[in-house]
Asker: 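Encoded as structure tokens, here's the structure I'll be asking about.
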There are 2 protein chains.
Amino acid sequence: MSSESSRKLTIYDLAKLANSSPSTVSAVLNGTWQRRRISRKLAKRILELAEREGYSTNMQARALRRDRSGILGMILPLYDNRYFSSIAQVFEAEARRRGIFTIVSCTNRDPAQEREAARMMLAYRVEHLICTGATDPDAIAEMCSAAGIASLNLDLPGTAAPSVISANREGARRLTDALLDRLEARRADAARVLFIGGRAEDHNTRERIEGFRQAREKRGLATAPTDIVTCDYAAEKAQAALEAYVDREGRLPAAMFVNSTISLEGIVRWLRLGGHDVNDIIMGCFDWDPLAAAFHPRLIMMRQDVPTMIARLFDWIDVPPEDPARRLEVMPEIVGDPM
Amino acid sequence: MSSESSRKLTIYDLAKLANSSPSTVSAVLNGTWQRRRISRKLAKRILELAEREGYSTNMQARALRRDRSGILGMILPLYDNRYFSSIAQVFEAEARRRGIFTIVSCTNRDPAQEREAARMMLAYRVEHLICTGATDPDAIAEMCSAAGIASLNLDLPGTAAPSVISANREGARRLTDALLDRLEARRADAARVLFIGGRAEDHNTRERIEGFRQAREKRGLATAPTDIVTCDYAAEKAQAALEAYVDREGRLPAAMFVNSTISLEGIVRWLRLGGHDVNDIIMGCFDWDPLAAAFHPRLIMMRQDVPTMIARLFDWIDVPPEDPARRLEVMPEIVGDPM
DNA sequence: AATAGTTGCACAACCGATTGCGCATTCATA
DNA sequence: TATGAATGCGCAATCGGTTGTGCAACTATT
């Protein structure tokens, strides 16, 4: 804490102050001093000195020499929903617990930004790159493998790197079951169930649609193409899509499978604006938001198990799977009173 | 893209391939070649070569030599609300536009984590450190100035570094005015207005309380200590605090000034659980969340002007203010039909 | 043809840490 | 007392860029 003289303190300065050598100081500071047979006494003296002078290792120099940055990179579509923000937070927390530094960058579901962010992360020589919800995970996996850096996919799977994702199909089956149970309890027309939100070309949406279809099929219900509206995630798109659906059908759906909280926002807004009671429609959302739950306690939500997903991710950071196309599904949890 | 032979390509490899020297390659790649009088022809050849071979600058080496990392650091309490997540996103977007790399770290409103994150960022030699909503901004500002690194505060002000914050007092006055207008329109008892959420020791909460008080005073209304409950931000705390208030007063408040969406969550949940109609209470929230707005269109919200705040922040990154205690207030915007 | 100025590039010394290697001491053993 | 092993530490090369300096070769000037 003393002598904030002018420039940053280096191991050379410390060596001079301690009447020792830079290599010794280095060994002491990075904990390899026993292996180098530095005496405990000298080590202690140097450590105290470093502490007193407020020394901090220059990570650039260390990274350069070690050829490892000690940084973990993650790219993320957005921060603005509970799922992704929780991914970022849990990821950071676990990394911090391990003393690893993280760099998180959001890329707005835009393939060009994803590539650009990946390029930057590779330039900073991150040790692993986690691609979360990437629109083109394989493109990034290839950039990484060309650079000799391991990459992992999260949330949306790829074929060129191992992937940890939610069990979308099974989760969707369960969510759909819950919706259908409620419809039966209410003796409503189980045909009028609408799946809304997401992208047809995105793996998770496809899986959820398949789960939706299977759950209905099991009860002898057919699913028509008009029952499924993959209008992208944005609130405005969901709003417009619901309006179009109601125009066409002439009435509201009896139940809805909403594919994200962001879509939910548009749907709730449209219902409000039209003077409808949100509670008249049985709603499930494949996502979780506590504020939505507070406002609408009858809303059924699938909460994706972020802590487990991140834990599996770190398992693979520790021990990379041999199969580069390895895929692991983590079961999400249904929240909100199912009946 | 060719020859992903084995190791990462360096300027030495490129120099050999181009029959040139590392210094020339370096100058070409970082754009200083004209100043060094490298011929246009050679520059072009080297650039093409680098492109073809997929060269990427080792940022650690560059940072070490230049003694500047090209990284901007930000610490943040959390990602899980729209205000902070939007700060992170807008900050990143602007930095990306300028070709600057960012590192964002969330520190859970915990002073120890804040210091630890700051220490890491300083070790990575960030060029500026932005402290957002820090519980102890001055401690971090001092760490930074000891390390010779500029720091700025965002959202919560400090005295040791310049601060960009919301105009909390004026915003709170306006929000309170809107609440009181509605109360009058409804001929409800304007005395029963509750300010809830936040921390008494935090600058923003104090300012908002002062604005709340002033707006009421202007209408001849006194504010009692029991009208103000700074129970921290967490949903559970707000829930418990509201319950205690209602127990004591024997009835619900006529209106509420809720100090954050996270507190709002607890309040709405408690009202729902108690079977109350959320619409019976006139509510304002000093924060903004589109999902809440969709569910509760009568809710009045103050949306903090994140784009402007970030723009001012970058103004100060470009040209640091002379006064280290400089403070700038950015006006938030009232959203939701005021009447 | 001699001199001065310009053009075009390469040399080599850094930046701050890490690490293989080797050289003095000291200690144990014969 | 000589010999071998163990102890304790410093030397110097290295990671991959950046940048001050210098030196040819070429052009313009008188």
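In what follows, every chain begins at residue 1, and chains take the letters A, B, ... in the order their sequences are listed. Basis for what follows: all heavy atoms, side chains included, without hydrogens, waters or symmetry-related copies. Only a predicted model underlies this, so the values are computations on that prediction, with no experimental measurement involved.
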Asker: Only one of B/T32, B/V25, B/T24, B/I46 clears side-chain contact (heavy atoms from CB on, under 4.5 Å) with B/I38; which?
Answerer: B/T24

Asker: Checking all strands, does B/T10 fall into the base, sugar-phosphate, or nothing category for heavy-atom contacts under 4.0 angstrom?
Answerer: sugar-phosphate

Asker: For a quick test of reading the model: is some side-chain N or O of A/S26 closer than 4.0 Å to OP1 or OP2 of C/dG16?
Answerer: no

Asker: Expressed as a whole number of angstroms, how long is the span from A/R62:CZ to D/dG17:C1'?
Answerer: 20 Å

Asker: If you pin A/N19 and A/R66 to their nearest nucleotides in DNA chain D, which one's is more 5'?
Answerer: A/N19

Asker: What is the distance, to the nearest angstrom, from the CD atom on A/Q60 to the C1' atom on C/dC15?
Answerer: 11 Å

Asker: Calculate the interatomic distance between A/K16 atom NZ and D/dG10 atom P; express it in whole Å.
Answerer: 14 Å

Asker: I want to verify a distance call: between C/dG16, D/dG16, C/dT19, whose nearest atom is closest to the A/R36 side chain?
Answerer: C/dT19

Asker: Without decimals, in angstroms, what is the distance between A/Q34 CD and D/dC9 P?
Answerer: 13 Å

Asker: Between B/S20 and C/dA10, is there a contact of a side-chain N or O with OP1 or OP2 at under 4.0 Å?
Answerer: yes

Asker: Quick one: do B/R52 and B/E48 satisfy salt bridge (charged side-chain N to carboxylate O under 4.0 Å, His left out)? Show the steps, please.
Answerer: CA-CA 6 Å; B/R52 184 149 39 82; B/E48 285 170 359; over 6 Å; no

Asker: Has the side chain of B/R37 got a donor or acceptor that lies under 3.5 Å from a partner of the other kind on the base of C/dG8?
Answerer: yes

Asker: Return the value, rounded to whole Å, for the distance between atom CE of A/M59 and atom C1' of C/dT18.
Answerer: 14 Å

Asker: Students often get this wrong, so: under 4.0 angstrom with heavy atoms, is B/L29 touching a base, only sugar-phosphate, or nothing?
Answerer: nothing

Asker: Check whether any side-chain nitrogen or oxygen of A/N30 sits under 4.0 Å from OP1 or OP2 of C/dA17, and answer yes or no.
Answerer: no

Asker: Roughly how many Å is it from CZ in A/R35 to P in D/dA6, rounded to a whole number?
Answerer: 19 Å

Asker: Compare side-chain N and O positions of B/S21 against OP1 and OP2 of C/dC9 and report whether any pair is under 4.0 Å apart.
Answerer: no

Asker: Would you find a donor on one side and an acceptor on the other, under 3.5 Å apart, between the side chain of A/D13 and the backbone of A/T10?
Answerer: yes

Asker: Would you mind reading off the distance between A/I11 atom CD1 and C/dC15 atom P, rounded to a whole angstrom?
Answerer: 12 Å

Asker: Report, as yes or no, whether the 6.0 Å neighbourhood of atom CZ on A/R68 holds more than 12 heavy atoms from other residues, nucleotides or ligands.
Answerer: no

Asker: Considering only heavy atoms and no angle criterion, is a donor-acceptor pair shorter than 3.5 Å present between the side chain of B/R65 and the base of C/dG16?
Answerer: no

Asker: C/dT7, OP1 or OP2 - any side-chain N/O from B/S39 closer than 4.0 Å?
Answerer: no

Asker: Measure CG/B/L14 against P/D/dT18 and give the value in whole Å, please.
Answerer: 12 Å

Asker: For a quick test of reading the model: is some side-chain N or O of B/Y12 closer than 4.0 Å to OP1 or OP2 of C/dA10?
Answerer: no

Asker: Would you kindly compare B/L64 and B/T24 by the position of their nearest DNA chain D nucleotide and give the one closer to the 5′ end?
Answerer: B/L64

Asker: Below 3.5 Å, does any donor atom in the side chain of A/R40 face an acceptor in the base of D/dG8, or the other way round?
Answerer: no

Asker: When you measure only distances, ignoring hydrogens and angles, does the side chain of B/R125 come within 3.5 Å of the base of C/dG16 through a donor and an acceptor?
Answerer: no

Asker: With the threshold set at 4.0 Å, does a side-chain nitrogen-carboxylate oxygen contact exist between A/R97 and A/E94?
Answerer: yes

Asker: Kindly say whether A/T135 contributes a backbone atom to a donor-acceptor pair with the side chain of A/E114 at under 3.5 angstrom?
Answerer: yes

Asker: Heavy atoms under 4.0 Å, any strand shown: does A/T57 hit a base, just sugar-phosphate, or nothing?
Answerer: sugar-phosphate

